[in-house]
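First comes the structure, then the notes that go with it.
Side chains included, hydrogens not; waters and symmetry mates left out as well; all remaining heavy atoms used. Below, chain A is the first sequence line, B the second, and so on; all start at residue 1.
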Amino acid sequence: MTIDKTPPNPSESGDSSEASEASGSLTEMPGTPTDGTAPPQTTGAPAATAKAAAPSASSLMWARRRASVSRFWRQYRTHRAGLIGLAGLAVIALIALTSPLFIGGDVQSVTDAPGTALESPSGEFPLGTDQFGRSLLGLLIWGARISLVVGLLAAALSVAIGTLVGIVAGHFGGWFATVVMRITDWFLVMPALVLAIVLATVMSRSIWTVILAIGVTSWPTTARLVRAQTIAIESRPYIERARALGGGHGHVMTRHVLPNVMPLVLAQTTLGISTAILTEATLAFLGLGDPSVVSWGGMLQDAREAGAVSSGHWWYLAPPGIAIAVVALAFTLCGRAIEAVLNPKLGVSR
Amino acid sequence: MSTASTPGVVRDAVDDPVKTGPSDGPRTRTTGHRTGYLLYVAGKLGGAAVSLFAILVTSFFLFRIIPGDPVKAMTHGKPTSVEQMATLRKQFGLDLPMWQQFTEYCAKALTGDLGTSYQFHAPVGELIAEKVPATLLLTGVAVLIYSTLGLWLGTRSAWRHGGLGDRINTGVALTLWSVPSFWLGLLLIIVFSVGIGPIPGMFPSGGMESGNETGFAHVLDVAHHMVLPVVTLVAVGYAQTLLVMRSSLLDEMGSDYLTTARAKGLRDDLVRRKHAVPNAMLPTVTMVFINLGHVAAGSILVETVFSWPGLGGLFYQALSVPDLPVVQGLFVVFAGAMILMNLLADLLYPLLDPRVGR
């Protein structure tokens with residue numbers, strides 16, 4: 001962890017927010033000597049490509065990307081919390097993906113439930129049963145699929161919108177960017193949960209509504225970060241070179257800026273997933289989820305409606321909440337580790 | 001838990017106060033301190049007014065366009081004749097052209113008239129107004145506690161960063177932050193209100209008061225009812241303050257002025273209290289204000305779980321119908337609270353940090 005020579009003046013370090021984020025040098029993996037392999041900052045490398053001409057440009061590019069990925073992994077490995085999060089995610093993903101093999105979709109069927117209502121944990125039902133006699137363990141595992149899918153898709157949607165807005169605003173600048181960023185700031189101020197709830201209320205009940213409601217309310221942070229990063233990248237000489245060689249707006253944005261904001265986008269997505277999973281659980285708990293599928297938040301709502309609270313059935317309530325917390329925490333740990341690798345100044349403890 | 005409180009946003013919020021400072025204005029003293037600040041205030045007020053207007057526009061279109069016919073939604077499941085529907089349309093002004101509805105909506109909203117609840121058949125403005133004190137009490141106490149706790153723990157964490165205490169601190173905070181607030185609330189009710197095993201039920205499970213006490217006994221009674229909801233809000237919320245304080249103090253730690261302070265012989269404790277913390281506090285103060293705005297909305301779940309008679313509880317009641325005028329009114333109020341708190345933070349910031357807003 002290096003905390004050296006950060007600007008002591010907070011208003012200097014973040015004036016108009018470009019400076020601070022850009023100075024974090026998110027694209028080039030810090031801590032490694034600039035040996036000319038990192039794609040962005042090497043103006044000399046493309047010239048070398050032209051001279052050597054033996055390996056094709058794209059194979060060179062892929063070799064460099066492989067190198068930077070392995071460098072990233074070497075640094076990520078030193079963050080213990082990040083590794084714990086990753087291991088947790090691997091286990092959960094494995095369970096969710098293989099669940100159709102050992103429990104079928106009929107686990108959520110109310111009509112042919114195997115047990116009687118609200119049984120305590122036993123050998124047959126390790127976590128007990130719900131008010132319809134369904135096995136809670138089965139529902140918990142089955143619900144992982146919905147929670148993860150919604151979390152992933154909503155975070156992907158949110159980050160996609162944020163990246164698009166950020167790159168376009170950062171690339172074009174001028175009054176257009178001012179207007180776009182005003183709108184972004186306005187969204188940033190809005191209470192996202194309330195907006196998501198309102199969207200989910202006025203639209204029809206389905207998973208897609210939930211994904212859309214979360215996605216369109218949580219993009220502004222990404223947009224701000226990506227815009228700052230885009231501005232930092234576009235000030236580098238190799239972008240000027242690309243323009244001089246006739247690269248248009250589309251070329252610069254997709255071929256040069258986009259690959260360079262990807263690490264940042266990755267960190268944002270990882271952090272966004274945990275928020276999205278929490279929001280999904282919240283919406284489902286408020287009864288705004290898809291009533292036809294089982295999710296963890298929906299299970300908590302069922303538990304509350306079945307009177308699990310007043311009758312002290314903690315074994316009904318505890319597991320879904322723990323599952324949500326574990327998944328959210330795992331994604332947060334991974335996201336923070338990625339952030340710490342990209343920007344060691346954040347001082348995330350290992 | 002407020003959804004916007006990812007660690008990502010935490011970092012963004014650190015930048016927020018700074019971002020709000022004029023980035024391009026010449027930082028000279030020639031214009032004079034006071035005029036500069038007044039200009040700054042005028043700019044911020046204008047921005048807030050535009051934001052408020054944007055919220056009115058959004059709320060109008062969200063609730064008028066997306067759900068389709070509000071009268072159909074209102075009478076959903078009840079047999080209604082065409083004449084009845086026409087009367088309802090006339091009553092709610094839905095037969096007018098869209099732009100006329102919009103201007104009328106804005107004019108009414110500005111005078112505090114937010115429509116009539118489908119569910120309670122009472123003006124939305126009144127319904128909201130009578131719930132405000134309960135929410136202010138609950139969230140005010142919670143924000144006060146978790147800001148203090150977060151500041152204190154964040155300072156300790158950063159000062160000895162990398163150590164065992166720091167790791168435990170951040171670990172616990174992140175874990176609690178990942179917990180859904182409503183679930184924590186339900187669990188607390190089971191453990192401390194219903195009681196499991198040897199733990200007796202010692203706190204009420206919901207509501208704000210038992211009813212018949214007066215005077216000091218009433219105050220104690222309300223405090224007793226507040227324990228569990230406040231604990232829930234604090235547990236889920238303090239991580240954010242902790243992380244912001246920690247990272248902004250870490251930013252200060254390498255600074256030369258701290259080395260100077262140490263070199264002239266100040267004790268470590270004094271260096272922290274008199275030099276590092278006041279500087280690192282600035283982003284965190286803004287954070288507290290932004291939290292105040294967020295918490296009104298974030299308390300929806302906690303109020304629902306604990307049947308607290310506040311805005312959040314009303315929001316939940318309205319959602320289940322759905323009672324769109326109430327939802328709409330609360331949306332405006334929640335968003336308006338955010339804007340107000342942001343404005344306050346913006347206005348306070350130059351007073352706290354003279355480098356901003358000249």
Would you mind writing out the side-chain donor-acceptor pairs for residues 50-58 of chain B within the sub-3.5 Å range, not counting sequence neighbours?
unit_1	atom_1	unit_2	atom_2	d
B:Ser51	OG	B:Gly47	O	3.2
B:Thr58	OG1	B:Ala54	O	2.5

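- Among A:Leu195, A:Leu317, A:Val326, A:Ile183, the residue making the largest number of heavy-atom pairs under 4.5 Å with chain B is A:Leu317.
- Heavy atoms of A:Leu333 lying under 4.5 Å from chain B belong exclusively to its side chain.
- Within a 6.0 Å radius of CZ in A:Arg182, other residues, nucleotides and ligands contribute 12 heavy atoms or fewer.
- Residues passing the side-chain contact (heavy atoms from CB on, under 4.5 Å) test with B:Val333, sequence neighbours excluded: B:Ile128, B:Leu311.
- In this structure, the portions of B:Phe331 lying under 4.5 Å from any heavy atom of chain A include both its backbone and its side chain.
- Between A:Val194 and B:Phe315, the closest heavy-atom pair is CG1-CZ, 4.1 Å.
- When every heavy atom of B:Val179 is checked against every heavy atom of A:Ala325, the shortest pair comes out as CG2-CB, 3.9 Å.
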Item to complete: Report the C-alpha separation of B:Ile300 and A:Ile197 in whole Å, then their side-chain angles, then the decisive distance to 0.1 Å, and conclude whether the side chain to side chain contact (heavy atoms under 4.5 Å, CB included) test is met.
Response: CA-CA 11 Å; B:Ile300 293 169; A:Ile197 289 175; 4.2 Å; yes

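- Scanning both residues, A:Arg304 and B:Leu186, for their nearest heavy atoms gives CD-CD2, 3.9 Å.
- By the neighbour-count criterion of 12 heavy atoms within 6.0 Å, atom CE of A:Met181 is densely surrounded, having more than that number from other residues, nucleotides or ligands.
- Taking CD1 of A:Ile322 as the reference point, atom CG of B:Leu187 lies at 7.5 Å (rounded to 0.5 Å).
- Closest of all the heavy-atom pairs between B:Ala335 and A:Pro191 is CA-CD, 3.8 Å.
- Nearest heavy-atom pair across A:Gly321 and B:Pro180 is O-CD, 4.2 Å.
- Considering CG of A:Leu193 and CG of B:Leu301, their distance stands at 6.5 Å, rounded to 0.5 Å.
- Interface remark: of the candidates B:Ile189, B:Leu184, B:Thr304, B:Thr304 forms the most heavy-atom pairs closer than 4.5 Å to chain A.
- The distance from atom CH2 of A:Trp186 to atom CD1 of B:Ile339, rounded to the nearest 0.5 Å, is 7.5 Å.
- Among the candidates A:Val327, A:Leu300, A:Thr201, A:Ile324, the residue making the largest number of heavy-atom pairs closer than 4.5 Å to chain B is A:Leu300.
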